[in-house]
Amino acid sequence: MTQDCIFCRIAGGTASESLVTETPDALAFMDINQPTPGHVLVIPRRHVQDIYTLDEATAAMVFQLAVRVAQAVKIALRPDGINLYQSNEHAAGQEVFHFHMHVVARYAGDRDRVCVFLQPNLPPHAELDRLAAEIRAAL
Ligand code: 5GP
Ligand code: ZN
């Protein structure tokens with residue numbers, strides 16, 4: 001656990017988040033930023049900074065949970081499909097240095113969006129809890 005890491009605090013239960021599901025070694029929770037409703041983050045509990053320090057067993061375990069969640073998001077919210085990706089440290093302008101996979105719902109209209117990220121108005125926490133419950137029900 002790294003005290004100054006927000007994702008470690010979420011994994012340790014000392015920061016609030018809308019949990020989708022968890023395993024002994026990983027957890028999935030709603031991203032606070034919802035450019036399209038259904039954006040989930042999947043992280044290892046243990047602090048791993050990036051893919052360069054990620055061991056294969058942890059990588060496999062996180063990816064397995066991310067795929068399960070992606071399938072559930074598709075069922076629960078977004079029949080259009082899912083983008084599953086990982087953005088790696090500085091090259092991606094990353095702010096949180098704790099390895100994570102993004103599960104991003106795809107919308108038919110996405111092609112027309114100039115930028116799906118950094119929307120100015122974050123949804124209320126209750127909205128994230130509602131989305132998390134819908135995905136959890138589909139798991
Ligand atoms: P990246 O740095 O790869 O772009 O992604 C970091 C992600 O973490 C962003 O999508 C950002 O919205 C999300 N994020 C940052 N801080 C928090 C937080 O405290 N709680 C949650 N749920 N998501 C966060
Ligand atoms: Zn961390």
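As the structure is a prediction and not an experimental result, all values here were calculated from the model. Counting from 1, the numbers follow the sequence of the chain as shown. Order of listing sets the numbers, starting from 1, for every ligand and every atom in it.
The side-chain heavy atoms of L54 and Q49, taken from C-beta on, include no pair separated by under 4.5 Å. Using a 4.5 Å heavy-atom threshold, the side chains of F63 and V42 count as separate. Considering only heavy atoms from C-beta on, R46 stays 4.5 Å or farther from D25 through its side chain.
Residue contacts with ligand 1, taken as heavy atom pairs separated by less than 4.0 Å, involve I32 via backbone and side-chain atoms alike. At a heavy-atom cutoff of 4.0 Å, ligand 1 is contacted by the side chain of H102 but not by its backbone.
Under the 6.0 Å cut-off for aromatic ring centres, F7 and F29 qualify, their centroids lying closer than that. Between H102 and H100, the distance from one ring center to the other falls under 6.0 angstrom.
In this structure a side-chain-to-backbone donor-acceptor pair under 3.5 Å is missing from H47 to C8. A distance-only check finds no donor-acceptor pair linking the side chain of S18 to the backbone of M30 [under 3.5 Å].
Where the criterion is an N or O separation shorter than 3.5 Å, residue side chain and backbone included, S87 meets it with respect to ligand 1. Note: no N/O pair closer than 3.5 Å links F7 and ligand 1 by distance alone.
Taking a 4.0 Å cut-off on heavy atoms, E17 fails to register as neighbouring ligand 1. Heavy-atom separations between I10 and ligand 1 include at least one value shorter than 4.0 Å.
Atoms of ligand 1 lying under 4.0 Å from any heavy atom of E95, numbered from 1 in the order shown and given with element: 2 (O). Proximity to N33 (heavy-atom distance under 4.0 Å) selects the following atoms of ligand 1: 12 (O).
Draw a line from the Zn ion (ligand 2) to SG of C5 and another to SG of C8, and the angle between them is 120° (to 10°). Remark: at the Zn ion (ligand 2), atom ND1 from H47 and atom ND1 from H98 enclose 110°, rounded to the nearest 10 degrees.
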